[in-house]
S.K.: 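Questions regarding the structure given below will be posed in turn.
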Amino acid sequence: MGSAKYMVAKLALIVLSGLFQTGIAQLQNIKNDRFWDTANGEPIYSQGGGIFLFKDPKTGQEKYYWYGAYYREAELYRKDPSCTQPRDNFIAVTCYSSTDMVNWKFEDYVLDRNEVDQHYDSTRWMGRLGVAFVQEIEQYAMFIQHDAGVLIALSDSPKGPFKWHQRLDMTATIGTPNTGDQTLFTDPDTEKSYLVYSYGRGRHKIYVSEIGVKEGMVDLLDCTQVFRGKGREGNCMFKYKGKYYIFASNLYGWDSSYAYYLVADNVRGPYLPTNEMLVTPGCMDDYAHITQTGFFVNVKGSRQETVVYCGDRWANFAGNGLGYNQWFPMSFDGETPYFNSLHSWNFDATTGEWSVADDNNYVKNGSFEADRRYIPSPKKPIQEQLRGWNTLIYQGNVIVVGEKESPVLNYFNTQADRKYVVGEKSLNIEDKVRFKRKVYQTIESSPYVALKDGDYTLTAKVKCNGIFNKLEMYAESGAKIKSISIGTNNSLWVTVILDDVKVKDNKVEIGFVAEGEAGASCQVDDVTFVKK
């Protein structure tokens with residue numbers, strides 16, 4: 001996956017070479033932070049869905065089928081990312097298929113809005129869906145949030161079309177007619193499928209229900225509460241090495257958050273730690289690469305099994321970057337999952353192996369979109385520093401949460417700004433008094449992703465106004481500092497490039513140093529650090 005020009009061209013060369021068909025291991029690229037296309041260049045519109053392994057009804061070949069919601073605003077935002085859309089308008093559920101998790105083919109609109117409107121005339125919201133094969137009736141069942149209820153639609157084929165079956169009111173089951181959020185999980189060992197969902201109000205409870213047939217209708221057979229605590233949404237599940245994992249995100253609307261998890265030996269629990277979800281290591285510096293938990297896919301290759309985190313980025317409603325689908329390989333330390341925040345990585349579904357791509361951007365929260373509010377923020381989440389970045393004040397007003405004179409560390413881009421930079425927010429360096437400041441990020445090897453020694457290029461987009469006595473972008477590694485002066489009369493966005501940065505001992509500090517007069521301001525966005 002990737003941009004229409006770069007990714008499709010690259011993947012086309014791989015496919016045309018015939019190497020994949022021969023079974024030779026082929027690492028293919030998955031690139032985040034951009035809109036994705038099918039193998040033949042059609043835009044992919046799939047949000048809040050899931051990927052499931054089914055057999056192609058014509059060939060019998062096992063394929064990955066990816067289902068998701070297509071909203072009109074997703075198309076509008078892709079055409080003009082400078083404008084955040086105000087609401088959602090459901091068009092259809094899309095279905096894409098693939099044999100390698102990288103090259104996708106559009107199959108069809110498998111549940112059309114017209115099909116729903118024939119049975120229900122006031123649809124406001126549809127989303128958060130999954131598909132299970134119900135063996136008792138040999139039908140494929142789609143479960144999808146539908147206003148204050150859960151719609152079940154059936155099809156003879158994984159390719160649809162899905163037709164209205166029944167609509168569940170969850171009140172008798174959990175006390176609210178709707179689920180707070182939901183996904184569908186199929187146990188690869190038992191082939192039983194489950195709906196994983198939260199309580200409809202406050203989302204402070206999580207449930208697991210087996211899917212089956214009840215009184216001749218596809219339904220939920222039971223209900224097990226597996227969590228009661230702080231509000232969580234984006235509920236999803238996977239199984240790895242015999243352990244069941246439930247993941248969820250915070251209640252930040254369309255915005256990103258930590259990825260939280262629980263672990264159990266049985267699908268119905270008990271999940272540990274009891275009623276206290278843990279923050280996934282690796283997700284903290286950029287709120288899981290600016291995503292909300294979406295769903296997971298287990299790829300069992302000939303050499304290893306890789307769990308792929310498939311995060312939702314609701315950019316069309318949150319304005320928080322490019323691309324709706326952001327995928328990452330997970331690692332594990334025993335039963336502790338680790339989130340690998342990558343811009344670009346290579347994957348071979350045949351072997352299950354993955355690696356960091358040469359063009360990976362190692363900066364966390366480089367577009368400054370992880371923070372949903374002005375920082376420092378006295379409101380949820382209470383936060384003093386920008387996610388992934390540190391600001392040191394040498395002179396000027398100090399950073400204090402809730403203090404009127406505290407400098408604001410981020411800037412909300414105008415629509416005109418967003419013609420040149422990504423997303424609603426950027427770094428803000430300014431003060432009402434004379435100031436000296438450093439904003440920096442330390443990049444180093446993680447347990448599973450190495451920052452290799454060698455030459456790198458540091459880039460950023462910058463604009464500034466007022467008087468600066470010093471304004472530089474720098475990189476420091478191995479006790480050596482390299483810097484470049486930033487022009488101080490750039491009222492429009494310009495790209496600043498610091499080339500040939502040498503990384504030593506797998507660690508580097510990058511950042512910006514500013515010495516400005518009262519009222520001087522500088523905005524920074526789209527910071528990248530890429531190996532040459």
Side-chain angles (χ1 to χ4, degrees), residues 33 77 81-88 181 202-203 230-234 248-260 279-280 283-293 311-322 324 326 341 363-393 396-418 421-432 435 437 439-441 461 463 512 521-527:
D33 306 302
Y77 187 80
S82 70
C83 182
T84 302
Q85 301 299 316
R87 55 159 294 170
D88 52 273
D181 258 348
R203 293 162 167 78
K230 295 182 179 179
R232 297 286 181 256
E233 60 184 6
S249 65
N250 226 321
L251 304 184
Y252 291 170
W254 300 112
D255 286 286
S256 58
S257 83
Y258 291 147
Y260 297 89
V279 177
T280 307
C283 82
M284 288 82 81
D285 287 341
D286 58 3
Y287 279 153
H289 206 91
I290 313 173
T291 68
Q292 187 179 44
T293 46
D312 283 319
R313 181 180 290 177
W314 301 90
N316 39 322
F317 311 127
N320 55 6
L322 302 182
Y324 307 120
Q326 314 288 318
S341 182
V363 179
K364 301 287 184 66
N365 193 22
S367 64
F368 303 95
E369 302 304 324
D371 303 297
R372 60 198 287 260
R373 301 186 184 279
Y374 285 111
I375 305 297
S377 173
K379 300 179 181 179
K380 188 179 78 171
I382 298 173
Q383 191 172 317
E384 183 179 87
Q385 296 279 349
L386 292 171
R387 189 60 50 187
W389 295 86
N390 290 294
T391 297
L392 292 180
I393 303 293
N397 287 310
V398 296
I399 304 168
V400 180
V401 174
E403 175 58 49
K404 184 181 295 185
E405 296 303 315
S406 175
V408 177
L409 304 183
N410 53 351
Y411 167 84
F412 277 42
N413 296 324
T414 66
Q415 188 170 356
D417 289 320
R418 291 170 65 182
V421 295
V422 172
E424 289 188 340
K425 304 172 194 72
S426 56
L427 170 65
N428 189 48
I429 304 174
E430 68 174 324
D431 206 339
K432 299 174 183 177
F435 63 94
R437 189 182 305 177
V439 183
Y440 68 96
Q441 178 176 132
K461 294 177 182 176
K463 72 171 185 176
F512 305 88
S521 69
C522 175
Q523 285 76 48
V524 181
D525 212 341
D526 302 340
V527 184

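Sequential numbering from 1 along the given sequence is applied to the chain's residues.
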S.K.: Do the side chains of I429 and S521 get nearer than 4.5 Å, heavy atoms only?
M.R.: no
S.K.: For the pair Q292 (side chain) and D255 (backbone), establish whether a donor and an acceptor sit closer than 3.5 Å, ignoring hydrogens and angles.
M.R.: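 Checked: no pair found.
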S.K.: Atom CG of D88 and atom CD of Q85: how far apart are they, to the nearest 0.5 Å?
M.R.: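 The CG atom of D88 sits 11.0 Å away from the CD atom of Q85.
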S.K.: If you compare all heavy atoms of C83 against all heavy atoms of Q415, which two are closest, and at what distance to 0.1 Å?
M.R.: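 Taking C83 first and Q415 second, the nearest heavy atoms are CB-NE2, 3.8 Å.
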S.K.: Got Y258 and Y287 here, is their nearest side-chain heavy-atom distance under 4.5 Å?
M.R.: yes
S.K.: Just verifying a value: how many Å separate S377 OG and L409 CG, rounded to the nearest 0.5 Å?
M.R.: 11.0 Å
S.K.: Is the shortest side-chain heavy-atom distance between V279 and Y260 below 4.5 Å?
M.R.: yes
S.K.: Between N365 and A370 (side chain of the first, backbone of the second, donor and acceptor by atom type, cut-off under 3.5 Å), is there such a pair?
M.R.: yes
S.K.: I want to check something: taking the side chain as every heavy atom from C-beta on, are L392 and Y440 in contact at a cut-off of under 4.5 Å?
M.R.: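 The answer is yes, as the side chains (C-beta and beyond) meet within the 4.5 Å cut-off.
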S.K.: Does any N or O in the side chain of S257 come within less than 3.5 Å of the main-chain N or O of N250, such that one atom is a donor and the other an acceptor?
M.R.: yes
S.K.: Are the side chains of Y252 and K380 in contact, using a 4.5 Å heavy-atom criterion?
M.R.: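 Side chain of K380 against side chain of Y252, heavy atoms only: contact under 4.5 Å found.
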S.K.: Any heavy-atom pair between the side chains of V527 and F512 that's under 4.5 Å?
M.R.: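 F512 vs V527: side chains touch.
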S.K.: Please walk me through it: do Y374 and F412 pass ring-ring contact (aromatic ring centres under 6.0 Å, His included)?
M.R.: CA-CA 8 Å; Y374 285 111; F412 277 42; 4.1 Å; yes
S.K.: So, taking the atom named CG in N413 and the one named CD in Q523, what distance separates them when rounded to the nearest 0.5 Å?
M.R.: 8.0 Å
S.K.: Consider salt bridge (charged side-chain N to carboxylate O under 4.0 Å, His left out). Of K425, K461, R418, K463, which one does D526 pass it with?
M.R.: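 Going through the options one by one, the only one that passes is K461.
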S.K.: Once rounded to the nearest 0.5 Å, what's the spacing between atom CG of D431 and atom OG of S406?
M.R.: 8.5 Å
S.K.: Determine yes or no for a side-chain-to-main-chain donor-acceptor pair under 3.5 angstrom, with T293 supplying the side chain and A259 the backbone.
M.R.: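 Between the backbone of A259 and the side chain of T293 there is no qualifying donor-acceptor contact (under 3.5 Å).
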S.K.: For the pair T391 (side chain) and V439 (backbone), establish whether a donor and an acceptor sit closer than 3.5 Å, ignoring hydrogens and angles.
M.R.: no
S.K.: Can you tell me how far apart CZ (R437) and CG (N397) are? Round to the nearest 0.5 Å.
M.R.: 9.0 Å
S.K.: Hey, what do you get for CZ (R203) to CG (D181), rounding to the nearest 0.5 Å?
M.R.: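 These two atoms lie 5.5 Å from each other.
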S.K.: Could you tell me which non-hydrogen atom of H289 sits nearest to which non-hydrogen atom of S341, and how far apart they are?
M.R.: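 Closest approach of H289 to S341, heavy atoms only: ND1-OG, 2.8 Å.
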S.K.: Could you tell me if the side chain of Q383 sits less than 4.5 Å from the side chain of R373, heavy atoms only?
M.R.: no
S.K.: Does R313 come within less than 4.0 Å of D33, counting only side-chain N to carboxylate O?
M.R.: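 Yes, charged N to carboxylate O under 4.0 Å.
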S.K.: Measure the acute angle between the ring planes of Y77 and Y324, then classify it against the limits of 30° and 60° as parallel, tilted or perpendicular.
M.R.: tilted
S.K.: Check the pair Y411, F368 against side-chain contact (heavy atoms from CB on, under 4.5 Å), reporting the backbone distance first and the verdict last.
M.R.: CA-CA 9 Å; Y411 167 84; F368 303 95; over 6 Å; no
S.K.: A side-chain contact here means heavy atoms from C-beta on lying under 4.5 Å apart; do D525 and V422 qualify?
M.R.: no
S.K.: Applying side chain to side chain donor-acceptor pair (under 3.5 Å), name anything that partners N390, two or more places apart in sequence or on another chain.
M.R.: none
S.K.: Please determine which of D371, N410, I375 meets the side chain to side chain contact (heavy atoms under 4.5 Å, CB included) test together with R387.
M.R.: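 Per the side chain to side chain contact (heavy atoms under 4.5 Å, CB included) rule, the option paired with R387 is D371, out of D371, N410, I375.
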S.K.: Check the pair I290, Q326 against side-chain contact (heavy atoms from CB on, under 4.5 Å), reporting the backbone distance first and the verdict last.
M.R.: CA-CA 9 Å; I290 313 173; Q326 314 288 318; over 6 Å; no
S.K.: Check the angle between the aromatic planes of W314 and F317 and answer parallel, tilted or perpendicular using the 30° and 60° thresholds.
M.R.: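 Taking F317 first and then W314, their aromatic rings lie parallel (interplane angle under 30°).
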